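For clarity, every value in this text was computed on a predicted model and none was experimentally measured.
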Amino acid sequence: VKNVGNPKRMYTSMMKMRTILLTTTYSVQFKCATIATRYALYRTQFTNSRGAPIPIYEYQMQREKLFKEIGRAYLMQLSTAIFKKSVAECERLALNDDFSQLQNTHVNMCSFKALFTWWHNDGIGNLIKACGGHGYSMYSGLPHMLIDMFPNQILEGENSVLLLQVARQLIKCLGWIKKGEEQKVTGPFKFLVESDKWSEYSIPEGEAEPTAENIIGAFRRGTCVLLEKLGIRMFTLVQQHKDAKLVWDTMIGTDLQRVAKLYSVLLVLDTAWQNIVTIQNKPIKSAIELLFQFAGTNLVEEYAASLLEAGAITPGNI
């Protein structure tokens, strides 16, 4: 019997499984954030000047812990909703043996899966600490979710290996651009074609409002500038050692992961914002925009070293 069909279709099924993993990740993140927030609203510690008990939610440091994880949960949910459309379109095309979207969709899935599972694992740990000893108690429900979700950093691809696949695609795009084959750079990678423009992007020094434009623009510049530096470093090392695989495996792994992380954060921020601008309910949209600003500012702080090196931000911005 003649074997019919294309084995590439198997990858579309695998991506559907990873999409379920993304949905599970942010769903559990919301549950954990809800538990910790309710606890903070009713748990009191110390008294104010009038002798009234102070709910720990009133402390700024407590709210910072909670809203960091709430903001990231919304980033994950909003960006996944947009990304699911890309997965569905890729599957639709694959049914007609059109695999033109498969590579981009796979690579971006790697970005989402790695970031989400890292964020989620760290996030549950932060929320447990936000609840003190009660959070560590099994009665809170939080340790159960931490144990259950921890393996997701390894399942369906270990995260650092997935980010190497992201970096490989970024390097490919850089190579196409250098050869004048910009038409090969498609989808979310297309901003790299305008690398010269984004490499000059700057946030006004006195800018007080962390707008979506500034946050996303900073990560675009960071990705473009550090990718260019990585390309030069990789080319130089290959010329010296005459062995591209040796260079890739043993000399630039941390650089590859750093650029892949910047791109992955950019992808999540960009797709989440695409969803936010479509929200019709004004009070909900206003609240979500604030959460986006908070989560985005937190990510700028987390990746400040890379963004400063790329000139995407200044100490004044921080």
Side-chain angles (χ1 to χ4, degrees), residues 15-16 18-23 25-27 29-30 67-68 70-93 100-117 119-120 166 169-170 173 185-195 197-198 201 203 209-224 227 260-300 302-303 307 312:
M15 283 192 285
K16 289 182 76 171
R18 284 181 176 172
T19 303
I20 294 171
L21 184 62
L22 301 184
T23 304
T25 300
Y26 70 70
S27 297
Q29 180 91 345
F30 276 123
F67 281 99
K68 174 184 178 181
I70 294 170
R72 289 195 176 183
Y74 273 102
L75 280 185
M76 290 189 280
Q77 191 275 329
L78 292 162
S79 56
T80 299
I82 294 293
F83 184 63
K84 280 181 178 179
K85 297 177 182 178
S86 299
V87 175
E89 176 64 9
C90 180
E91 184 179 19
R92 186 188 69 79
L93 293 171
S100 58
Q101 301 299 316
L102 183 60
Q103 180 65 13
N104 278 355
T105 307
H106 162 70
V107 170
N108 289 325
M109 179 67 81
C110 292
S111 289
F112 276 83
K113 190 271 179 182
L115 272 193
F116 284 18
T117 53
W119 286 356
H120 178 61
V166 177
Q169 184 66 13
L170 289 167
C173 291
V185 183
T186 59
F189 297 97
K190 204 163 181 65
F191 76 96
L192 293 170
V193 175
E194 298 182 299
S195 182
K197 166 191 162 185
W198 289 112
Y201 185 87
I203 301 172
E209 185 76 7
T211 64
E213 179 187 5
N214 285 340
I215 294 168
I216 292 171
F219 276 95
R220 278 189 181 146
R221 173 166 176 165
T223 303
C224 289
L227 178 60
K261 280 184 177 180
L262 278 181
Y263 168 77
S264 299
V265 172
L266 168 61
L267 179 67
V268 173
L269 289 170
D270 207 2
T271 48
W273 186 249
Q274 289 174 36
N275 202 341
I276 291 171
V277 296
T278 67
I279 297 173
Q280 298 299 312
N281 185 298
K282 289 185 178 179
I284 290 177
K285 185 176 184 179
S286 177
I288 296 293
E289 285 177 345
L290 283 172
L291 284 168
F292 179 91
Q293 289 179 327
F294 188 89
T297 303
N298 182 274
L299 287 164
V300 168
E302 182 176 334
Y303 289 89
L307 295 175

Subject >> Minimum heavy-atom distance A312-G222, with the two atoms named >> reply: CB-N, 4.1 Å
Original post:
For Y26 and Q77, which heavy atoms make the closest approach, and how far apart are they?
Top reply: CE1-CG, 3.4 Å
Original post:
Where do L192 and C224 come nearest, in terms of heavy atoms and distance?
Top reply: CD2-SG, 4.0 Å
Original post:
Is a side-chain donor or acceptor of T223 paired with a backbone partner of F219 at a separation under 3.5 angstrom?
Top reply: yes
Original post:
Should the pair F189 and Y263 be assigned to parallel (<30°), tilted (30 to 60°) or perpendicular (>60°) ring geometry?
Top reply: parallel
**OP:** Please examine the side chains of F67 and N298, heavy atoms only from C-beta on, and report whether any two atoms are closer than 4.5 Å.
**Re:** no
**OP:** Assess whether atom CD of E213 is packed by more than 12 heavy atoms of other residues, nucleotides or ligands within 6.0 Å.
**Re:** no
Original post:
Minimum heavy-atom separation for T278 to N275, with atom names?
Top reply: OG1-O, 2.6 Å
Original post:
Which of these, L75, V265, L22, sits in a side-chain contact (heavy atoms from CB on, under 4.5 Å) with L115?
Top reply: V265
Original post:
Side chains of N104 and Q169: closer than 4.5 Å at any heavy-atom pair?
Top reply: yes
Subject >> Contact summary for S264 and S111, nearest pair of heavy atoms >> reply: OG-OG, 2.9 Å
Original post:
If you measure from CZ on R92 to CD on Q101, what distance do you get to the nearest 0.5 Å?
Top reply: 9.5 Å
Original post:
So does Y74 have more than 12 non-hydrogen atoms from other groups sitting under 6.0 Å from OH?
Top reply: no
Original post:
Can you tell me how far NZ of K85 sits from CD of Q274, rounded to the nearest 0.5 angstrom?
Top reply: 9.0 Å
**OP:** Take F292 and L78, measure what side chain to side chain contact (heavy atoms under 4.5 Å, CB included) needs, and give me the verdict at the end.
**Re:** CA-CA 10 Å; F292 179 91; L78 292 162; over 6 Å; no
Original post:
If you round to the nearest 0.5 Å, how far is CZ of R221 from CG of L262?
Top reply: 13.0 Å
Original post:
Are R72 and K68 close enough that some pair of their side-chain heavy atoms sits under 4.5 Å apart?
Top reply: yes
**OP:** Measure the CG-OG distance between L227 and S195 for me, rounded to the nearest 0.5 Å.
**Re:** 7.0 Å
**OP:** Could you walk me through whether C110 and R18 pass the side chain to side chain contact (heavy atoms under 4.5 Å, CB included) test, one step at a time?
**Re:** CA-CA 9 Å; C110 292; R18 284 181 176 172; 4.1 Å; yes
Original post:
Checking side chain to side chain donor-acceptor pair (under 3.5 Å) for the pair S86/N108: CA distance, chi angles, key distance, verdict?
Top reply: CA-CA 10 Å; S86 299; N108 289 325; over 6 Å; no
Original post:
So do the side chains of D270 and F191 get within less than 4.5 Å of each other, counting heavy atoms only?
Top reply: no
Original post:
Closest heavy-atom contact between A218 and I203?
Top reply: CB-CD1, 4.1 Å
**OP:** Mind running side chain to side chain contact (heavy atoms under 4.5 Å, CB included) on V87 and E91 for me, showing each step along the way?
**Re:** CA-CA 6 Å; V87 175; E91 184 179 19; 5.6 Å; no
Original post:
Any side-chain heavy atom of K113 sitting closer than 4.5 Å to one from T25?
Top reply: no
Original post:
CG/L307 to CD1/I215 distance, rounded to the nearest 0.5 angstrom?
Top reply: 11.0 Å
**OP:** To the nearest 0.5 angstrom, please state how far the CD atom of E302 sits from the CG atom of L299.
**Re:** 6.0 Å
Subject >> Pair Y201-I216, side chain to side chain contact (heavy atoms under 4.5 Å, CB included): steps then yes or no >> reply: CA-CA 10 Å; Y201 185 87; I216 292 171; over 6 Å; no
Original post:
In terms of the angle between their ring planes, are F83 and F112 parallel, tilted or perpendicular, with boundaries placed at 30° and 60°?
Top reply: parallel
